[in-house]
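Since the structure is predicted, the reported quantities are computational estimates derived from the model, not experimental observations.
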Amino acid sequence: MDVADLDLESLIAKGRAQGYLTYDEINSYLPDEAVSPEKIDNLLVALEDLGVELINELPKVRGELSSRGDAKGELPEARLFTESTLKLTNDPIRLYLSQMAEIPLLTREQEISLAKKIEVTRKRFRRTLLGCEYAMQGTTETLERVFRGVLPFDRTIKVSLTEQLTKEQILARMPHNLRTLEHLVGKNRQEFRVFIDRRRPLPERLAARRRFLGRKGKQLRLVEELSLRTKRVQVLMRQLAEYSREMDNLQTRIAQLETRSDVGSSDQRLSHRKRLRELMLITRESPKGLRERVALMRRQFQEYEYAKRELSSGNLRLVV
């Protein structure tokens, strides 16, 4: 077995035993010289399969003081606003500079660690979002518009020499990847219809679900090889959240109408169920599944944004 595989196996075994891994622990697994997309992907797939969570710090023992706070529980950030600093609030530029003066420059090791954390949190967020078939279909359609020249390549696609994602390489992959993605999205659309059809035998529905889930890994790999900018992916978050909210509202309304027996209520129930099924077919998610995905997606996006802010607040020259 490859040494890298042994390192991953050891890391995953530790995560399985603890139930979690810290970013420091996974940073020690990832190389310093360049953040390897393949290593990150293998790591994230393993963590997802085992349900191992990533956390920023080791869990605190009950009653233990936070390492970031003092005896009063005050965070260092709060201490930036000293009495002298508060006098500067009428001058936002001076206030900003006074706060920045309190934040030390990061060391080279800290820069590398944060760069790894940013890439891991970015990929986790993207995997969760694009794991929804609605988002995968929308992303595929965006990439097709780039390929046809409807959308500008440079503003839609991110190139990266270290990840072998040059413009020429991406353009060469596009015809094959997009053709395969269109096929997989179409097959999953069919499989989802089978899975939610209660008239079909349960073994047939479960088999359809296994095939549906089995295609997701290949879809993610094909999409990431085309390197759509994260900003282009983020726009799908709001629509998924709106769909999830509407599905939950419909379920609540249907449950309320179940207690009534008048004709009007029956018609409303039928209308709500029809709309709920329509939303499930659009997103290829159950109400519960989409609700959980949206919650996880938001949390991971916040972790990604926080990691970028950590980088910025350290006055780094690295551009992400």
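Between the side chains of Glu133 and Gln137, no donor-acceptor pair is found at a separation under 3.5 Å.
Following chains of ILVMFWY side-chain contacts shorter than 4.5 Å, one can reach Leu220 starting from Met174, so the two form part of one hydrophobic cluster. When the side chains of ILVMFWY residues are joined at heavy-atom separations under 4.5 Å, either directly or via intervening members, Val159 and Val223 end up in a single hydrophobic cluster. Val194 and Met280 fall into different hydrophobic clusters, where Ile, Leu, Val, Met, Phe, Trp and Tyr residues are linked whenever their side-chain heavy atoms come under 4.5 Å apart, directly or through other members. Hydrophobic clustering, with ILVMFWY side chains joined whenever heavy atoms are under 4.5 angstrom apart, keeps Val45 apart from Tyr29. Side-chain heavy atoms closer than 4.5 Å link hydrophobic residues (I, L, V, M, F, W, Y) into clusters, and following such links, even through other members, never connects Tyr304 to Leu296.
Salt-bridge formation is not detected for the pair Glu48/Lys216: no Lys NZ or Arg NE/NH1/NH2 atom is positioned less than 4.0 Å from an Asp or Glu carboxylate oxygen. Of the charged side-chain nitrogens involved, at least one lies within less than 4.0 Å of a carboxylate oxygen, so that Glu278 and Arg275 count as a salt-bridged pair. Using a 4.0 Å cut-off between charged nitrogen and carboxylate oxygen, Arg205 and Asp197 do not count as a salt-bridge pair. Taking the charged nitrogens against the carboxylate oxygens, Glu182 and Arg179 have no contact shorter than 4.0 Å, which rules out a salt bridge. Classification of Arg299 and Glu292 as a salt-bridged pair fails, no side-chain N sitting under 4.0 Å from a carboxylate O.
Side chains of Leu11 and Leu21 form a contact here, defined as non-hydrogen atoms less than 4.5 Å apart. Residues Leu222 and Leu184 have side chains in contact (heavy-atom distance under 4.5 Å, counting atoms from C-beta outward).
Closest heavy-atom contact between Ile254 and Leu276: CD1-CD2, 4.3 Å. Here the closest heavy-atom approach between residue Ser113 and residue Asn27 is recorded as OG-ND2, 2.9 Å. Taking both residues in full, the closest heavy atoms of Ala46 and Ile12 are given as CB-CD1, 3.6 Å, listed atom of the first, atom of the second, then distance. Heavy atoms only, all atoms of each residue included: Arg193 and Arg277 are closest at NH1-NH2, 4.2 Å. Nearest heavy-atom pair, Glu225 versus Leu165, reported as atom, atom and distance to 0.1 Å: O-CD2, 3.3 Å. The nearest pair of heavy atoms linking Thr230 to Arg122 is OG1-NH1, 3.3 Å.
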Listed pairs under 3.5 Å, donor-acceptor, residues 233-244 side chains, sequence neighbours left out:
none

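Considering Arg209, Arg215, Arg200 in turn, Arg215 is the only one that fulfils the salt bridge (Lys or Arg N to Asp or Glu O under 4.0 Å) rule with Glu191. Applying side chain to side chain contact (heavy atoms under 4.5 Å, CB included) to Leu250 and the options His272, Lys274, Arg273 leaves one that passes, His272.
A donor-acceptor contact shorter than 3.5 Å is absent between the side chain of Arg269 and the backbone of Gln256. Within the 3.5 Å criterion, the main-chain N or O of Met136 finds a donor-acceptor partner in the side chain of Thr140. Side-chain atoms of Ser28 come within 3.5 Å of backbone atoms of Glu25 as a donor-acceptor pair (strictly under, hydrogens ignored). Between the side chain of Lys123 and the backbone N or O of Ile40, no donor-acceptor pair lies under 3.5 Å.
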Kindly indicate, with the supporting measurements, whether the criterion side-chain hydrogen bond (donor to acceptor under 3.5 Å, both in side chains) is fulfilled by Arg253 and Gln268. CA-CA 9 Å; Arg253 186 62 180 147; Gln268 287 182 35; 3.3 Å; yes

Test log, rule side-chain hydrogen bond (donor to acceptor under 3.5 Å, both in side chains), inputs Arg232 and Thr142: CA-CA 9 Å; Arg232 294 282 183 167; Thr142 297; over 6 Å; no

Let's go through Leu54 and Tyr20 carefully: what are the C-alpha distance in whole Å and the side-chain angles of both, what is the deciding distance for side-chain contact (heavy atoms from CB on, under 4.5 Å) to 0.1 Å, and is it a yes or a no? CA-CA 6 Å; Leu54 284 179; Tyr20 62 85; over 6 Å; no

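Hydrophobic cluster of Leu202: the remaining members, joined at side-chain heavy-atom separations below 4.5 Å, are Leu206, listed by chain and number. Through direct or indirect side-chain contacts shorter than 4.5 Å among Ile, Leu, Val, Met, Phe, Trp and Tyr, Val150 is connected to no other residue.
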